[in-house]
Amino acid sequence: MNEAQKVKISGTERLVKASSRGNRDAFDQLVGLYQHKAMQVAVSILGNADGAAEAVQAGFVKAYLSINKLREPKLFEIWLLRIISNTAISQRKTAKRRKEAANTADCHSQEISTFSPAETADIRELREAIQTAMLKLSKKESQAITLFGLDDLSQEQVAEIMGCSVGAVKWHVFRARKKLKILLRKYLE
């Protein structure tokens with residue numbers, strides 16, 4: 001580590017400690033130091049500057065509100081960039097869900113209108129059964145199967161979002177699939 005890096009780290013630690021004591025000017029200085037890097041991370045995840053700016057702003061607000069929970073001030077940069085990346089990922093998922101919901105609503109209304117009343121009732125029954133079955137999964141199982149199975153994220157991305165190992169993600173997905181197979185067996189036959 002060169003001298004400039006040591007100075008930056010010690011300066012960051014001082015600002016983090018002051019920020020955690022409520023010094024807003026110190027946090028503003030941290031924003032100035034890390035805003036460019038935060039934008040780079042958010043743009044790489046979201047692919048556009050407008051969405052990235054929103055994610056960075058929301059991420060800095062989250063960091064400000066929880067900076068007193070940061071135990072190791074020297075790890076501020078890693079901690080902040082994780083908040084920024086998780087915020088950007090959540091924003092991307094939300095945008096994707098909204099788009100899919102709009103597309104699905106259009107498709108479902110067109111699809112359902114082409115089915116007989118009995119078929120339409122069966123489709124609605126299946127949707128309700130899936131929703132009910134998902135509620136019977138543990139939080140981790142539901143999150144893992146949704147992110148991995150429905151949102152098409154890699155196991156590594158799901159592990160990062162959930163804050164666990166890839167092995168744990170695999171286990172949660174396995175358990176969720178097993179439970180869903182039992183809960184929805186009537187519809188799988």
Side-chain angles (χ1 to χ4, degrees), residues 1-103 138-173 176:
M1 184 180 305
N2 65 35
E3 203 57 40
Q5 289 171 320
K6 288 179 185 177
V7 170
K8 182 179 179 183
I9 289 173
S10 67
T12 298
E13 286 181 50
R14 182 181 50 76
L15 292 171
V16 169
K17 288 176 184 175
S19 296
S20 66
R21 291 190 303 269
N23 183 331
R24 225 171 142 192
D25 291 333
F27 192 80
D28 289 344
Q29 290 178 41
L30 287 169
V31 170
L33 285 171
Y34 292 99
Q35 187 154 12
H36 181 72
K37 193 174 270 192
M39 273 298 287
Q40 288 177 320
V41 168
V43 167
S44 71
I45 292 169
L46 294 168
N48 69 70
D50 292 336
E54 287 179 32
V56 167
Q57 183 178 4
F60 274 119
V61 168
K62 289 176 187 176
Y64 178 74
L65 294 173
S66 61
I67 196 162
N68 59 342
K69 296 176 186 172
L70 179 61
R71 293 189 178 124
E72 302 251 357
K74 65 183 175 185
L75 299 177
F76 174 79
E77 181 176 6
I78 294 167
W79 176 77
L80 173 68
L81 295 179
R82 184 171 187 172
I83 290 171
I84 298 294
S85 64
N86 286 341
T87 303
I89 289 168
S90 294
Q91 187 174 315
R92 182 181 68 195
K93 288 188 316 188
T94 300
K96 183 179 176 183
R97 273 192 230 115
R98 283 185 190 141
K99 183 178 177 183
E100 288 174 353
N103 291 341
S138 74
K139 180 182 175 187
K140 295 275 188 186
E141 291 166 347
S142 177
Q143 187 179 24
I145 195 75
T146 300
L147 293 171
F148 179 68
L150 304 178
D151 285 347
D152 293 327
L153 297 174
S154 71
Q155 290 175 340
E156 290 78 14
Q157 290 170 313
V158 174
E160 182 182 328
I161 292 167
M162 292 179 64
C164 63
S165 69
V166 172
V169 169
K170 289 179 182 180
W171 174 251
H172 294 308
V173 169

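Position 1 is the first residue of the sequence; numbering continues from there.
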Taking every non-hydrogen atom, the tightest pair across Ala52 and Val43: CB-CG2, 3.4 Å

Enclosure of Gln57 CD (heavy-atom neighbours >12, cutoff 6.0 Å): no

Residue pair Ala26 / Leu15: nearest heavy atoms and the distance that separates them: CB-O, 3.6 Å

Minimum heavy-atom distance Ala55-Ala42, with the two atoms named: CB-CB, 4.4 Å

Nearest-0.5 Å distance, CZ of residue Phe60 to OH of residue Tyr34: 9.5 Å

Closest heavy-atom pair and its distance - Thr87, Ala58: CG2-CB, 3.8 Å

CG-CZ distance between Leu75 and Arg82, expressed to the nearest 0.5 angstrom: 12.0 Å

Residue from Leu70, Leu33, Leu81 passing side chain to side chain contact (heavy atoms under 4.5 Å, CB included) with Phe76: Leu70

Candidate pair Glu77 and Thr12, rule side chain to side chain contact (heavy atoms under 4.5 Å, CB included), full reasoning: CA-CA 9 Å; Glu77 181 176 6; Thr12 298; over 6 Å; no

Side-chain donor or acceptor of Gln91 paired with backbone N/O of Gly51 under 3.5 Å: yes

Interatomic distance, Trp171 atom CH2 to Lys140 atom NZ [nearest 0.5 angstrom]: 15.0 Å

Reported CG-to-NZ distance for the pair Leu80 and Lys37, which is rounded to 0.5 angstrom: 10.0 Å

Distance, nearest 0.5 Å, that separates OH of Tyr64 from CG of Leu30: 11.5 Å

Side chains of Ile89 and Glu160 in contact at under 4.5 Å (non-hydrogen atoms): yes

Nearest non-hydrogen partners of Ala144 and Val158, listed with the distance: CA-CG1, 4.3 Å

Minimum heavy-atom distance between Val169 and Cys164, given as atom pair plus value: CG2-SG, 3.7 Å

Sub-4.5 Å side-chain heavy-atom contact between Asp28 and Asp25: yes

Test log, rule side chain to side chain contact (heavy atoms under 4.5 Å, CB included), inputs Trp79 and Ile67: CA-CA 10 Å; Trp79 176 77; Ile67 196 162; 4.2 Å; yes

